[in-house]
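Only a predicted model underlies this, so the values are computations on that prediction, with no experimental measurement involved.
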Amino acid sequence: MTVEDEPFLRTARLELRRFTVRDEPLVVGLDADPEVMRYLTGGRPTPPEEVRERVLPRLMRPYACLGGLPGFWAAREGGVFLGWFELRPVREDSADTLELGYRLRRAAWGAGYATEGARALVERAFAVLGAERVTAEAMAVNTGSRRVMEKSGLGYVRTYFGEWPERIEGSEHGEVAYALTRAEWERRPGEAR
């Protein structure tokens with residue numbers, strides 16, 4: 001087993017590992033689903049060359065402030081690719097604030113994988129990586145992602161309206177930001193983490 005194949009994190013059902021160049025077809029397939037991309041591009045797929053040249057290098061990029069760990073993790077159950085999770089520094093040089101994110105194949109929706117992975121990463125952010133704050137963002141109308149953020153312990157912070165190059169259906173309602181601080185996390189009982 002190579003270092004890329006070694007799991008970064010295991011939960012009851014999930015295994016999170018580093019991305020490799022071998023994952024290109026999996027990411028192309030994930031980003032080709034219009035429903036998966038609905039709140040990101042309005043449903044337009046990411047072209048394969050963009051996945052190869054921009055997306056996959058971003059998913060594989062290590063961060064010095066995380067001890068050389070990447071900010072994105074391929075998620076699988078029983079060897080089956082489910083999508084990815086993000087736990088990435090907001091600022092290049094600091095692990096104080098980490099951004100939580102996830103993108104799962106439609107076949108994995110509604111089974112609790114997003115919440116399971118997100119909760120485990122929130123725990124890892126505070127208990128192992130020394131983060132002071134975990135944040136997450138989504139379109140205001142993306143109720144599924146908002147529920148995952150809430151179930152993962154993050155609380156609503158604000159709604160904001162950004163400048164986007166193209167309008168996506170629902171973008172007129174804005175984006176929402178959620179967060180959890182170390183102090184809030186420490187006050188929660190162990191089981192709620």
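Ring planes of W84 and F72: perpendicular class, angle over 60° (limits at 30 and 60°). Ring geometry, Y178 versus Y156: the interplanar angle exceeds 60°, so the pair is classed perpendicular (tilted spans 30 to 60°).
M149 is not connected to V141 by any chain of hydrophobic side-chain contacts under 4.5 Å among Ile, Leu, Val, Met, Phe, Trp and Tyr, and they are in different clusters. In terms of hydrophobic clustering, with Ile, Leu, Val, Met, Phe, Trp and Tyr side chains grouped at heavy-atom distances under 4.5 Å, W109 and M139 are assigned to different clusters.
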Salt bridge (charged side-chain N to carboxylate O under 4.0 Å, His left out) evaluation trace for R188 with E184: CA-CA 7 Å; R188 301 179 74 196; E184 292 165 336; over 6 Å; no
Worked verdict on R18 versus W73 for side-chain contact (heavy atoms from CB on, under 4.5 Å): CA-CA 5 Å; R18 294 172 188 260; W73 302 95; 3.6 Å; yes
side-chain contact (heavy atoms from CB on, under 4.5 Å) evaluation trace for T135 with V157: CA-CA 9 Å; T135 65; V157 174; over 6 Å; no
Steps toward side-chain contact (heavy atoms from CB on, under 4.5 Å) verdict (L16, L121): CA-CA 10 Å; L16 304 184; L121 285 173; 4.1 Å; yes
Chi angles and distances behind the side-chain contact (heavy atoms from CB on, under 4.5 Å) call for D31, T41: CA-CA 10 Å; D31 283 13; T41 65; over 6 Å; no
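A salt bridge does not link E169 to R38: none of the charged nitrogens lies less than 4.0 Å from a carboxylate oxygen. A salt bridge does not link R146 with E150: every distance from a Lys NZ or Arg NE/NH1/NH2 to an Asp or Glu carboxylate oxygen is 4.0 Å or more.
With respect to V51, the side-chain contact (heavy atoms from CB on, under 4.5 Å) criterion is satisfied by exactly one of L26, D23, T46, L30: T46.
Using modelled atom types, no side-chain atom of E175 and backbone atom of G162 make a donor-acceptor pair closer than 3.5 Å.
Take R106 and apply the side-chain hydrogen bond (donor to acceptor under 3.5 Å, both in side chains) test, not counting sequence neighbours, and it matches D33.
To the nearest 0.5 Å, atoms CE (M60) and OG1 (T20) are separated by 6.5 Å.
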